[in-house]
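Here, residue 1 is the first one in the sequence, and each next residue gets the next number. Bear in mind that the values here come from a model prediction, so they are computed numbers and not experimental data.
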Amino acid sequence: MEQQEQYPFDVESIRAEFPILERHVGGDVTTPGEGPGDDTPLVYLDNAATTHTPESVVETIANYYRGYNANVHRGIHQLSQEASVAYEEAHDRVAEFIGADGREEIVFTKNTTEAENLVAYAWGLTELGPEDSIVLTEMEHHASLVTWQQIGKRTGADVRYIAVEEDGTLDMDHAAECIDDSTAMVSVVHVSNALGTINPIRELADLAHDHDAYVFVDGAQSVPTRPVDVQDLDADFLAFSGHKMCGPTGIGVLYGREEILDSMQPYLYGGDMIRRVTYEDSTWEDLPWKFEAGTPSIAQGIAFSAAIDFVDDIGMENVQAHEDLLASYAHDRLSQFDDVTIYGPPGDQRGGLVSFNVDGVHAHDLSSILNDFGVAVRAGDHCTQPLHDKLGVSSTARASFYVYNTLEEIDMLIEAIDEARELFG
């Protein structure tokens, strides 16, 4: 069977929307595309860090600046009105995409990290004390782990970690021990950016809610790659970023149940989130604007809506099927090497990424060699240092996939790894 026939959609037509995929690399980074060294086709496998941006999203940004560039919620003139409508409708589009009840539950932030911090500071500093516990997992991204760790230090709340099994899955018996009547918040990554593990969010949410605790879902790797419905997950909070799903940088989302967000005090203060100010006191705007202080990321927010349209047109079920195909194929190909260690669950039980190491080759050296072959992967601890300590390694190489990647590109990755193995003997 031709590889193209295995895909759930026409990958070549999708790739045509991303001119950057036509780039050649290998030359002087200070003069890209200008020297004779830029002669290696790019194979971009670093999508868990950031994805590329299709022409339709780039055009949306350009159209904003060319046609109706103005601040939102601050002007009566036509440009401001047009910008305000587009920006507000972007909130509606995000709400529809993840199954929220309305724009009141959608706060635009800079990224997933800011969304984590917003809840930690606006809710955590007020609601947590020495009698409370916060439950995380051992596979949390630093955006979650460090944030709640520091809130625990400030409030005296106990921070607990659900153990990760040898196969990269959560120890759910340990989860039931960690989550008890003292637990106020369970913050858990939906799809691990280091292991690819898909965590059982609804099961964890049921555990948390049985003890009247809230659940914060880090959806940075899940919302871009599979259908996610906050009602099905029974999530109280969910965060994700635009740049990991064909959108621009500088825009992220915090979903929160309206009644919880309504009860929280603002995290930042300033223009646009204020209803009335006197020298003695101030009152706040309605949701979600009370959490969006200052001039927001207007162009990015509007363009994020276009990015959602792009992936939604492909179909999130198709996106997930494509990710599953590539992850399983990469896992199978890497498993053929006796000297390659793969971290996390089997290929058919993970998100669209594979982290691995080659015996005798440091991940940074491997990444550098792969770069010589035009293959872009991530090397390091992937913002999960404690997890890597538990795995007994300082770093791993990570190949991560998205809608424009192909099976042929994975073959090119494998060929480059084979060359690296030969080089290091």
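- Residue Val191 comes nearest to Gly351 through the heavy atom pair CG1-CA, 4.2 Å, listed as atom of the first residue, atom of the second, then distance.
- Considering only heavy atoms from C-beta on, Leu413 comes within 4.5 Å of Leu45 through its side chain.
- Residues Asp234 and His209 bring a donor and an acceptor atom of their side chains to less than 3.5 Å of each other.
- Counting only residues at least two apart or on different chains, the salt bridge (charged side-chain N to carboxylate O under 4.0 Å, His left out) pairs with a member in residues 134-152 are Glu138-Lys390.
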Checklist entry - salt bridge (charged side-chain N to carboxylate O under 4.0 Å, His left out) between Arg378 and Asp46: does it pass, once the steps are laid out? => result CA-CA 6 Å; Arg378 174 83 176 266; Asp46 192 21; 5.2 Å; no
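- Using cut-offs of 30° and 60° on the angle between ring planes, the pair Phe18 and Phe310 is perpendicular.
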Item to check | Derivation and outcome, salt bridge (charged side-chain N to carboxylate O under 4.0 Å, His left out), residues Glu104 and Lys290 | outcome: CA-CA 10 Å; Glu104 294 79 11; Lys290 83 170 184 177; over 6 Å; no
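- At distances below 3.5 Å, at least one donor-acceptor pair connects side-chain atoms of Arg398 with backbone N or O atoms of Asn193.
- Put simply, the side chain of Glu203 never gets that close to the backbone of Pro200: no donor and acceptor are under 3.5 Å apart.
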Checklist entry - Could you go step by step and tell me if Asp101 and Arg257 meet the salt bridge (charged side-chain N to carboxylate O under 4.0 Å, His left out) rule? => result CA-CA 9 Å; Asp101 285 337; Arg257 293 189 193 275; over 6 Å; no
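- Between atom CD of residue Gln320 and atom CG of residue Asn318 there is a gap of 10.0 Å, rounded to the nearest 0.5 Å.
- Between Asn117 and Tyr267, the side chains place no donor N or O within less than 3.5 Å of an acceptor N or O (distance only, hydrogens not considered).
- Checked against the 6.0 Å centroid criterion, the rings of Phe240 and Phe97 do not qualify as a close aromatic pair.
- For the 3.5 Å distance criterion, the side chains of His73 and Glu285 fail to qualify, holding no donor opposite an acceptor.
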Item to check | Derivation of the side-chain contact (heavy atoms from CB on, under 4.5 Å) call for His190 and Leu233 | outcome: CA-CA 10 Å; His190 193 175; Leu233 295 179; 4.2 Å; yes
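- By the neighbour-count criterion of 12 heavy atoms within 6.0 Å, atom CD of Gln231 is densely surrounded, having more than that number from other residues, nucleotides or ligands.
- Distance check: Ile134 CD1 to Thr183 OG1 gives 10.0 Å after rounding to the nearest 0.5 Å.
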Next on the checklist: Evaluate Leu136 against Val188 for side-chain contact (heavy atoms from CB on, under 4.5 Å), listing each step before the verdict.
Outcome noted: CA-CA 6 Å; Leu136 311 175; Val188 59; over 6 Å; no
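- Atoms CG and CZ, from Asp10 and Arg15 in turn, are 11.5 Å apart once rounded to the nearest 0.5 Å.
- Residues that satisfy the ring pair (Phe, Tyr, Trp, His ring centres under 6.0 Å) test with Tyr269, not counting sequence neighbours, are Trp284.
- Of the candidates His382, Gln385, His362, His362 is the only one forming a side chain to side chain contact (heavy atoms under 4.5 Å, CB included) with Ser395.
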Next on the checklist: One pair to check against side-chain contact (heavy atoms from CB on, under 4.5 Å): Asp236 and Ile260. What are the steps and the verdict?
Outcome noted: CA-CA 8 Å; Asp236 300 297; Ile260 305 175; 3.9 Å; yes
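- For the pair Tyr343 (side chain) and His388 (backbone), a donor-acceptor distance under 3.5 Å is absent.
- Closest non-hydrogen pair, Val253 versus Ala115, comes out as O-CB, 3.9 Å.
- Closest non-hydrogen pair, Ala83 versus Ile302, comes out as O-CD1, 4.3 Å.
- Without hydrogens or angle criteria, Ser241 side chain to His243 main chain gives no donor-acceptor distance under 3.5 Å.
- Judged purely by atom type and a 3.5 angstrom limit, Tyr65 has no side-chain atom pairing as donor or acceptor with the backbone of Ala299.
- Side-chain N or O atoms of Arg160 include one that pairs as donor or acceptor with a backbone N or O of Cys178 at under 3.5 Å.
- Remark: Ile417 CD1 to Met412 CE distance equals 12.5 Å, nearest 0.5 Å.
- A donor-acceptor pair under 3.5 Å is absent between the side-chain atoms of Lys244 and the main chain of Pro224, judged by distance alone.
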Next on the checklist: Run the side-chain contact (heavy atoms from CB on, under 4.5 Å) test on Arg421 and Asp418 for me, step by step, so that the C-alpha distance in whole Å, both residues' side-chain angles and the decisive distance to 0.1 Å come before the verdict.
Outcome noted: CA-CA 5 Å; Arg421 292 168 66 244; Asp418 203 27; 2.6 Å; yes
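- Screening residues 56-73 for salt bridge (charged side-chain N to carboxylate O under 4.0 Å, His left out) gives Glu59-Arg66 as the qualifying pairs, with residues at least two apart or on separate chains.
- Residues Ala416 and Val375 come closest through the heavy atom pair CB-CG2, 4.4 Å.
- In summary, Asp312 and Arg93 engage in a salt bridge, as defined by a charged side-chain N under 4.0 Å from a carboxylate O.
- Side-chain N/O atoms of Asn47 and Ser400 include no donor and acceptor closer than 3.5 Å.
- Residue Thr51 comes nearest to Cys246 through the heavy atom pair OG1-N, 2.8 Å, listed as atom of the first residue, atom of the second, then distance.
- Relative orientation of the Tyr87 and Phe108 rings is perpendicular, given thresholds of 30° and 60° on the angle between their planes.
- If you check the side chains of Tyr329 and Asp411, you find a donor sitting under 3.5 Å from an acceptor.
- Looking at Thr137, its side chain does come within 3.5 Å of a backbone N or O of Met139 through a donor-acceptor pair.
- The pair Arg103-Glu88 counts as a salt bridge, with a side-chain nitrogen and a carboxylate oxygen less than 4.0 angstrom apart.
- Annotation: Tyr214 is in aromatic contact with Trp123 [ring centroid separation under 6.0 Å].
- Using a 4.5 Å heavy-atom cutoff, the side chains of Leu145 and Pro386 are in contact.
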Checklist entry - Going through the checks in order, is the salt bridge (charged side-chain N to carboxylate O under 4.0 Å, His left out) test met by Arg202 and Asp232? => result CA-CA 7 Å; Arg202 184 56 189 254; Asp232 291 343; 5.8 Å; no
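- Not one N or O on the side chain of Thr396 forms a donor-acceptor pair closer than 3.5 Å with the backbone of Ser355.
- Tyr255 is not listed as a side-chain neighbour of Val107, based on a closest heavy-atom distance of 4.5 Å or more.
- In this structure, Ile410 CD1 and His331 NE2 are separated by 12.5 Å, a value rounded to the nearest 0.5 Å.
- The two residues Ser187 and Glu116 make their nearest non-hydrogen contact at OG-OE1, 3.7 Å.
- Note that CD1 of Ile414 is 10.0 Å distant from CG of Asp332, once rounded to the nearest 0.5 Å.
- At least one donor-acceptor pair under 3.5 Å links the side chain of Thr384 to the backbone N or O of Asp381.
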Item to check | Worked check of side chain to side chain donor-acceptor pair (under 3.5 Å) between Glu165 and His174 | outcome: CA-CA 10 Å; Glu165 303 270 34; His174 190 231; over 6 Å; no
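- Under 3.5 Å, the side chains of Tyr68 and Asn63 contain no donor-acceptor pair of N or O atoms.
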